[in-house]
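Here the structure is laid out as C-alpha cells; the discussion comes afterwards.
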Amino acid sequence: MTPVIKCVIVLFLAAVTAGLDTLTEHENHSEITNSSIMAAKPWTSTARLSPVGTAFLYPENDFFVVVPNEELSAGEYKLQISFEGSLLDKPFGFYRSSYNDLNSHEQHYIASSKFEPTYARLAFPCFDEPQLKSKFKISLTRPSGNNYIALSNMNQESEEINVPTNGLTTVHFANTVPMSTYLACFIVCDYQSLEPVKADQGFPLTVYAKSGQTENIKYAQQVGIKAINYYVNYFGIQYQLPKLDLIPIPDFISGAMENWGLVTFRETRLLYNESISSIDDQEAIALIISHELAHMWFGNLVTMKWWNDLWLNEGFATFMKYKATQVVHPDWDVDTSFLIERLYSVQDEDSKLSSQAIVPDKLKGISTMFNRISYSKGCSVLRMLEGILGKEVFRIGVSAYLKRFAFNNAETDDLWTELQTVVQNTVNVKKVMDTWTRQAGFPVVSAIRNGTKLTLKQQRFLSEFNTNSSNDSSPFNYKWEIPITYTTSTNNTVNEIWLSKDEDSFIIDIPDSEWIKLNHRQVGYYTINYSERDWCLLNNLLEKNVDALSAADRSNLIHDAFSLAKANYLPYDIALNTTKYLSKEHHYIPWDVAATNLQTLSEHLYQRPAHKNLERYIQHLLENITEDLWNDSSDRNLLQRKLRAVTFKLGCSYGLPRCLTKAYELFKRFLDDKIQPHQDIRYTVYYYGMSMGNDSEWNILWDIFLNEQDPEEKEKLRDALTASKEISILPKLLQNAKNESHVSSKDYFKIISQISHNPFGTQFVWDFLRDNWQHLVDRYSRENWRLTALIDSVCSRFNTQERIGEMNIFFDKHPVAVDGDDERKTLLEDVSNNIKWLEKHEAVISNWFINNVI
C-alpha cells in the first residue's frame, strides 16, 4: 500500500503587481488541506501567516486559485500551501518504481520523478510553466536504514533523523539555481555508486546503479566526464551546479530526462556490459549521455519561453551530442552516421502534408512538440546553418546566445539575433532560417543539364507526387533559401551558391563531359533530382571507383534516389541502379541506407511472387563480399563492426544459405553449451536461429528468457521467441506472455507486434486481434495508446482488397479500436496505397531484379 505523503510547500511571489485579486498555481492529484499568505520582506521565523479568504480548484486547467482576503498591493508575498498526496503508479510525476534484486530476486521499491513537460503539478502545487523559473529548496525523507539514499538536483547540506523516531531520515539539499519546474527531480532508492570523478572544472560526476550493476556504469562515467568537459570548453561557460549525477530508473518512460544535476535514464540507455551490449547499444549510450549533458546549457541554463520553441532545447541537444560523441570516439565518423540516425528518418516524415513547422504558429498540444521535427529536423537545420556560417563563427554565436539568456528564457528569434551580431552582414540569418523553421517540409532541387548549363529549380518535396499543397498556408509559399554546395569531376573544391526563394532558377556553368555531385556530404536539408544522364554518370563513377565520393555522398545518392522513386519523381530502375556497386562498398553507412530502402521494398512485396526476385538480388550482392563475417576480432572499429552486423543480418533476412547455416550453428552452441554469440550479431543469431529451431529448442529459449536479468539481453531473447515457424508455438507464446510476472504489459504488446512481422505469424495475429479485441480493451483500457499502435503495426503491410474488407468489418464491430474516423480512414488509405504501389511498380522492380542477377 502506498503511504500518504504530507507536505508543505512555500511559494515566494516576487514583484506582484498592484491590484491583483487572485493567485493561480498549477495543481493536479494532491489534496490541499490549508493555504495562507503573508506579505513583504523580511520574513522571520516568528512572522505570522494569514489564511487566504477562499481557495478553489479549477480542474479543466489544473489550476489552484487562491483568493486573498483583500486585493494585493504591489510587493512581494509568501504563499504557504499544505497538501497530501501519494506516489503515483504511472511513470510520471512523483511515482513508485521497482526492481528485482539480481541475487535474491527480492522486490525493491524506489521513488522517482519525471516532470517534463507538465507533470510537476502532479507532485506539488507550483507555477508549472517553463518561463516561470524559480529557486527550489528541496527536502526528501527516506528510510533510515537498508542503504537508502535521497538524491535531488543539488548537493546534500544536512540530514536529520525524524523525531519521534519512526525509521525515517529527512535530507536537506542546497538551494537550486533559478530553473523551470520540469527540471526538478526527487529520488529515494537503495542504489550504489562508483567513486565520483572530477570534471576539469572541479565538480564531481557520480553514476548510480542498483546493486550488482556498478561494473556496467563505468562506460557511462567515461562518456559523461569527457562530454561535460567538452561542453564547458566549447561553450566557454562553466557548468552551473556543484555536482552532476547520472542514474538509471526501472520502467522509465523516456530514453532519459535532463533534470539539472540529476539526469535520469532508461536502464538500457546507461548500462553497458562489454560482454553483452552490442556496438549499437554502446553507440546509443554514448549519444544519449551526450544529449542529456548538452541540455545542461540548452534547456536548463537557457530555456525556451514556451513549448512551441521546444526545438531550442531538443534540436540543439541532438545536434551537440554528435559533436561531443565525435570527441569521445574520434574513429566513429559520427557526422556520416548522423545521416541515417537523424536526417533520413525525419525527411520521410517531413515529406508528408501532415508535417508541421519546427516553430508552429499554433500549438496543437504540448505533447505534440516532442516529435522528430523538433529533435531531428531541428538538429539537421542547425547542422546546415553551421555549414553556412563556418564552425567557429557558429560556436561564437551560440556561446553569445547562452551568455545573453543565462538563467532566463528565449525564443527562436533571440538565437538568430545573437548569431547575426557575430556574422554581421555576410548572411541574413533570420531571412534564411525562417524559411526552414517556420514552414513545414523541405525542397527537392531539380538539376537539369542542357549542354554546359545546369539549371537548378526548387519545389516542395512531397512523398505523394500528385498531392496538391496549394491550400496549405505557408508564409514563404513553400520556397526556401537554399545553400547549394557541389563538386565536379575536375574540381574537388566545394563550391557554394544560393538558390533563393525569390528566384525561379539558378544556372551553373559546367562542362558537358563532367559529373557533378550536389549537396556535399548532404549537409543541406534538401533532396537533389538529377537528370537520368547525370544519375548514370554518378552510378558509373561508383562502380569504377567506390572511393571517388565520400561515404556521406554515396549514402546521399542512394537515399535521394529511393526517396524520389517512392514519390514518383524518378523511375525505380534508376534508384535500384545506385545499389549495383554495393559489393565493393566497405563503409557501413551506405550499406545501411541500402538495407533500409530494400527493406521498404520487401515490405511492399510482402508475400508476393516478386519478393523471391528481391531475395535473389540481395543474395547476389552479398555473395561477392569477401569480409569474414564470422571473425569476432576485437580489432574492428565501430564502423567495421556495424558493417559486419548489417550484412550478416541482410544475409539471414533474405535467405543467404551460408548466413542462415551459421546463425543456426551459433544458436545451437548457445542453447547446448551456453556459449553466447558475439554481441554485435547476437540479435540476428537468436532471431534467425530460432526461426529454424523446433519446439524443444523454443522451450529452452523461453526458460533462458525467464531467468535473464539483463534488460538488453532480455529484449533480444524476447524478440527471438517470436521468430518460430511452428504455428503451434505462437499461441503458446501469447498465452505464456499474459502472465505479467513473466512479461510486462508493454512487452506483451511488443510480442504481439513482433509475431505479426513473422511471415508465419501475420494471419495468426490478425485473427487473434479480431477474436480477442474486447478482452484486450477490458484488460488494458481503451486509453492505452499501445492498443491503437498495435492495429497500425499489424495492418501496415496489408496489400490486398480482401484485407481492406476485413479491416472494415473489424472497425464496424469495434469502432473505438481507432481514434475516430480520421484514423480509420488513414489506416485504410495506407493499405489502399500499398495496393496502388504494387499496381504501378511491382512488375518493373521484379524485372529489374531478374535482369541484374548474373
Side-chain angles (χ1 to χ4, degrees), residues 1-12 25 27 29-36 38 43-47 49 78-89 93-98 108-115 119-126 134-177 179 181-193 196 204 206 208 210-211 241-245 247 249 259-264:
M1 180 178 180
T2 303
V4 172
I5 303 172
K6 297 183 178 182
C7 300
V8 175
I9 187 167
V10 178
L11 305 176
F12 293 95
E25 301 82 57
E27 191 285 325
H29 183 67
S30 304
E31 180 181 343
I32 294 175
T33 58
N34 189 31
S35 54
S36 52
M38 184 180 75
W43 297 294
T44 66
S45 59
T46 58
L49 292 104
K78 176 180 179 180
L79 175 64
Q80 180 169 300
I81 302 172
S82 301
F83 65 97
E84 296 180 358
S86 59
L87 294 176
L88 300 176
D89 58 2
F94 193 23
Y95 67 95
R96 183 175 70 169
S97 185
S98 65
H108 293 232
Y109 291 99
I110 70 173
S112 184
S113 64
K114 168 69 164 66
F115 291 156
Y119 300 137
R121 67 191 66 177
L122 294 174
F124 56 96
C126 57
S134 176
K135 294 182 180 180
F136 293 81
K137 176 65 176 176
I138 295 170
S139 298
L140 295 173
T141 299
R142 61 168 176 81
S144 298
N146 298 323
N147 300 314
Y148 271 89
I149 58 174
L151 300 171
S152 189
N153 304 85
M154 298 296 289
N155 54 298
Q156 178 179 324
E157 283 191 326
S158 63
E159 65 179 32
E160 59 193 52
I161 297 176
N162 290 12
V163 178
T165 301
N166 57 2
L168 299 174
T169 297
T170 298
V171 180
H172 303 287
F173 299 93
N175 284 359
T176 72
V177 297
M179 66 184 195
T181 48
Y182 76 84
L183 293 172
C185 188
F186 314 149
I187 295 178
V188 176
C189 64
D190 58 350
Y191 280 17
Q192 300 173 344
S193 70
T206 309
Y208 294 85
K210 59 194 179 188
S211 177
L241 301 191
K243 60 93 176 177
L244 176 58
D245 300 333
I247 185 168
I249 304 296
N259 315 297
W260 213 347
L262 180 54
V263 184
T264 47

Heavy-atom pair with the smallest gap, counting every atom of [X] and [Y]:
{"X": "Thr206", "Y": "Ser193", "value": "CG2-CB, 3.7 Å"}
{"X": "Glu27", "Y": "Pro125", "value": "CG-CG, 4.1 Å"}
{"X": "Asn153", "Y": "Leu241", "value": "O-CD1, 4.0 Å"}
{"X": "Ser113", "Y": "Ala184", "value": "OG-O, 4.1 Å"}
{"X": "Pro242", "Y": "Pro204", "value": "O-CD, 3.2 Å"}

Is there a donor-acceptor pair closer than 3.5 Å between any side-chain N or O of [X] and the backbone N or O of [Y]?
{"X": "Lys210", "Y": "Gln192", "result": "no"}
{"X": "Ser98", "Y": "His108", "result": "no"}
{"X": "Asp190", "Y": "Asn147", "result": "no"}
{"X": "Thr33", "Y": "Ser82", "result": "yes"}

Distance, nearest 0.5 Å, that separates [atom1] of [X] from [atom2] of [Y]:
{"X": "Gln156", "Y": "Leu140", "atom1": "CD", "atom2": "CG", "value": "10.0 Å"}
{"X": "Tyr148", "Y": "Cys189", "atom1": "OH", "atom2": "SG", "value": "8.5 Å"}
{"X": "Phe173", "Y": "Ser158", "atom1": "CZ", "atom2": "OG", "value": "9.5 Å"}
{"X": "Leu151", "Y": "Arg142", "atom1": "CG", "atom2": "CZ", "value": "10.0 Å"}
{"X": "His172", "Y": "Asn155", "atom1": "NE2", "atom2": "CG", "value": "14.0 Å"}
{"X": "Ser112", "Y": "Ile249", "atom1": "OG", "atom2": "CD1", "value": "3.5 Å"}

Could you tell me whether the side chains of Thr170 and Asn162 share a donor-acceptor contact shorter than 3.5 Å?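 There is such a pair between these side chains.
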Donor + acceptor pair across side chains of Ser144, Thr169 (<3.5 Å):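 Result is yes, a qualifying pair exists.
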Heavy-atom side-chain proximity of [X] to [Y] below 4.5 angstrom:
{"X": "Thr264", "Y": "Ile187", "result": "yes"}
{"X": "Ser30", "Y": "Arg121", "result": "no"}
{"X": "Met154", "Y": "Asn175", "result": "no"}
{"X": "Glu25", "Y": "Ile81", "result": "yes"}
{"X": "Asn259", "Y": "Leu183", "result": "no"}
{"X": "Phe94", "Y": "Leu87", "result": "yes"}
{"X": "Tyr191", "Y": "Ile247", "result": "yes"}

Taking the six-membered ring for Trp and the single ring otherwise, decide whether the centroids of Phe115 and Phe186 are under 6.0 Å apart.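 Ring-ring flag for Phe115/Phe186: true, centres closer than 6.0 Å.
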Using the rule given for side chain to side chain contact (heavy atoms under 4.5 Å, CB included), can you reason through Tyr119 versus Leu88, listing the C-alpha separation, both sets of side-chain angles and the distance that settles it, and then say yes or no? CA-CA 11 Å; Tyr119 300 137; Leu88 300 176; over 6 Å; no
Take Phe124 and Phe136 through the side chain to side chain contact (heavy atoms under 4.5 Å, CB included) test and state the conclusion after the steps. CA-CA 12 Å; Phe124 56 96; Phe136 293 81; 4.2 Å; yes
